[in-house]
Each structure stands twice: as structure tokens, then as C-alpha cells.
Protein chains: 2
Amino acid sequence: MLLTQSCMIGIRAALAVSVQGKDDIEAYRPIRQIADALDVSFHFLTKILQVLTHAKIMESYKGPNGGVRLAKPPEELFLIDIVEAIDGTSVFSTCLLGLPGCGVETPCPVHDEWAKSKDQIERLFRETSLAKLSDDTCEKLLRF
Amino acid sequence: MLLTQSCMIGIRAALAVSVQGKDDIEAYRPIRQIADALDVSFHFLTKILQVLTHAKIMESYKGPNGGVRLAKPPEELFLIDIVEAIDGTSVFSTCLLGLPGCGVETPCPVHDEWAKSKDQIERLFRETSLAKLSDDTCEKLLRF
DNA sequence: AAGATTTAAGAGTCTGTTGTCAGAAATAGT
DNA sequence: ACTATTTCTGACAACAGACTCTTAAATCTT
Ligand code: FES
Ligand code: FES
């Protein structure tokens, strides 16, 4: 798997918050409600969202009517921000064969081909905003 | 990481055998010698190569002058064979967000973009033969 | 036949990820 | 002030992947 379980859930949660926040971006969404929508463990999701709040990607509020919301408008939040916060960026910088220091020194036999795919994947994460994803999700009634 | 540690070592080992077998493709290469060349644990490599021999990608022979060799000419062995044997093919068929059944049902919001990268990666593994890799390795004196 | 070499197999350890839980802290409503 | 709600924190169990170790089995050399 390219991303860890935590990271995939983190992205889906951010997307859910973004979609639900379309009408009122200021409102806090309870974690329990998000967990139900994504059909994942409430406690596990709590852990993941804590990482995202520490990374200033989300903001949280305790107590009744509390929950989490995006810390920035979804146009300014990109997938790579979430991946970096949860998984780190190693995916986009490591050698496909696990050799140390991809690209900088002598390349490995698969480097040239892999570099193409790697760049494309990195661009995908770097250029895809939460706004675009939530728009698509609503328009085409996609699942998440 | 896209591939597991075991899988990356498996590919590097197959490549090492292919390179060393350029002069005598019939010869068995001792696992200990391969482990030294790749700088990995002998016992761990043994485990990985057992999987490859069971998958009929390599053949082994016990006793003095024993070891492993490719079961087929390197022109007929592709990276995907090794990945399938060790990691399975899940990388090329799973949803980037971890949702069940990528593509077949309603796609997820990142499906269209991810499908492109996924196909490119799959093609890379499916079309890259051990022969090509070992040729490149020898020509350009690459590391593995 | 005996001993050395080398892979096969299985059990066991270690580590990081996944997932659960209980209690603390903050907040709103009454 | 009290209670209900909700996130925060730390501890911990369960699991998978990574890695080690020991013993067995096969084969060659002498
Ligand atoms: S050095 Fe191996 S992929 Fe870049
Ligand atoms: S359905 Fe998510 S990547 Fe295909």
C-alpha cells in the first residue's frame, strides 16, 4: 500500500469535513459523526484527527457543539499536506528498491522509469486541493 | 512504501543472480554470496528466496556448489512476477483511499487521477524484464 | 562412511502500525 | 453550581512485517 491506513482515513475525514462544511465552513463537526459517515472506529479516528489538528490542518473545539473544522479554506489545503502530516513524505523520495538516497548518487536500475511515476504521483498529491475533491464528490455523488 | 522490504530485497537478489549468471546461466549462486553482495542478512534473504523458489521463479540446489539460479531465462522474468510472488498484486488494484473495489463500482474522488499513475506503475512492473535490468546494470555500472 | 557445505523449515523475537479504552479537561445549557 | 457533551491524553492490547536462530535434510568431497 502506498499510504498507511491512518493516512487514508485522514484524507477521507478531511474530505468529509470539507463536504459537510460547504454550507457553513465555520461550524465544528463532531468526530463521532464523521466516524459514522466513514464507517471507521471513533477512537481511532480521534487519534488521526489529533495529528491533523497539531499540524494546523484542522482546528478543534471541545464541549457541546464542538468537533473539528478545517483550519484553512479548502482551496488552500492539498492532499500532500495531509500525507506529510501523517505519513511523512518518504513515499516521494525513496528508491523503489529501498537503496539509500534515490537520485542523488548513482541511480539504481529502475530509477529512470520509477522517477517518472514518482513525479506524477507527487504532482497528484501536490496539486489536488480539498476544494476540488469535495466539489467533485458533490457533483458526481461519489463515495468516500 | 510501495513495496515491502522483503519484496525490494527479492528484486535486488533476482537482479544479482541475473547479473552474476551472465557468463554461466546454469550455475547455482550461494545465498550467502548474494547476501554479502546486497549487504542484507543471510537468514532473512534465505526466507525471501524460499518464496521465490516455491513460486518457480528460481531453482535451488543443496550442498556444496549449491545455491539458487533463475528458473527461466531473464528475458522471460518480469518485475511483476517477483512482486506478485512476495507482496501480491494488491498495489495495482486497490483504491488510493482504501475503499473496497477500486474502479468497479462508484469511483472515489481521486480515482481518475490515481488510475493514470497506477496504470503507469503497473506497466513499469509488467514490462520491465530482469534481462533489461541486468543489461543496464552492467553497461552503466549501476548499484543494486 | 564421515565430515563439510548449503538450502529448507519452523519457532521465536522485535518493532511499528492498528485499534481500544479509561480518565482528564473544556465547554454549553440549565 | 451541576450535568451532559465532546475533544485530549496516555496507556495498552492485538497484529503484521521484519528479522534471528536452531535444527533438519540434501549433497559433495575425501
Ligand atoms: S535510486 Fe532507485 S529509484 Fe531512484
Ligand atoms: S476507487 Fe479510489 S482509487 Fe479507484
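A note on names: the letters A, B, ... follow the listed sequences, proteins ahead of strands, and every chain is numbered from 1.
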Looking at [X], does any N or O in its side chain come under 4.0 Å of the phosphate oxygens OP1/OP2 on [N]?
X: B:Y28; N: D:dT27; value: no
X: B:S41; N: D:dT20; value: yes
X: B:T46; N: C:dA8; value: no
X: A:H54; N: D:dT9; value: yes

Selection from [options] that lies nearest to any side-chain heavy atom of [X]:
X: A:T4; options: C:dG29, D:dC28, C:dT18; value: C:dT18
X: A:N65; options: C:dA28, C:dT6, D:dC28; value: C:dA28
X: A:H43; options: D:dT6, C:dC21, C:dA4; value: C:dC21
X: A:Q5; options: D:dT6, C:dT6, C:dT18; value: C:dT18
X: B:P64; options: C:dT5, D:dA4, C:dT7; value: C:dT5
X: B:F44; options: C:dT20, D:dC19, C:dT27; value: D:dC19

Rounded to the nearest angstrom, tell me the gap between atom [atom1] in [X] and atom [atom2] in [N].
X: B:I48; N: D:dA18; atom1: CD1; atom2: P; value: 8 Å
X: A:I31; N: D:dT5; atom1: CD1; atom2: C1'; value: 13 Å
X: A:Y61; N: C:dA25; atom1: OH; atom2: C1'; value: 13 Å
X: A:Q50; N: C:dT18; atom1: CD; atom2: P; value: 15 Å
X: B:L49; N: C:dT7; atom1: CG; atom2: P; value: 9 Å
X: A:L3; N: C:dT17; atom1: CG; atom2: C1'; value: 14 Å
X: B:R69; N: C:dT7; atom1: CZ; atom2: C1'; value: 14 Å
X: B:R32; N: D:dC21; atom1: CZ; atom2: C1'; value: 12 Å

Query raised in the report: How many angstroms lie between atom CG of A:L2 and atom CG of B:L3, to the nearest 0.5 angstrom?
Result: 10.0 Å
Query raised in the report: Does the side chain of B:L99 come within less than 4.5 Å of A:R12's, by heavy atoms?
Result: yes
Query raised in the report: For the side chain of A:K47 and the base of C:dT20, is some donor closer than 3.5 Å to an acceptor across the two?
Result: yes
Query raised in the report: When the nearest nucleotide of DNA chain C is assigned to A:S6 and to B:F42 on a heavy-atom basis, which residue is associated with the more 5' position?
Result: B:F42
Report summary line: Judged by nearest nucleotide, the residue sitting upstream toward the 5' end of DNA chain C, A:G63 or A:I9, is A:I9
Query raised in the report: Got a sec: does the CG of B:D39 have more than 12 other heavy atoms crowding it under 6.0 Å?
Result: no
Query - Atom NZ of A:K56: over 12 foreign heavy atoms under 6.0 Å - result: no
Query raised in the report: Can any side-chain N or O of B:T46 pair as donor or acceptor with the backbone N or O of B:F42 at less than 3.5 Å?
Result: yes
Query - Salt-bridge contact A:D136-A:K132 (side-chain N to carboxylate O under 4.0 Å) - result: yes
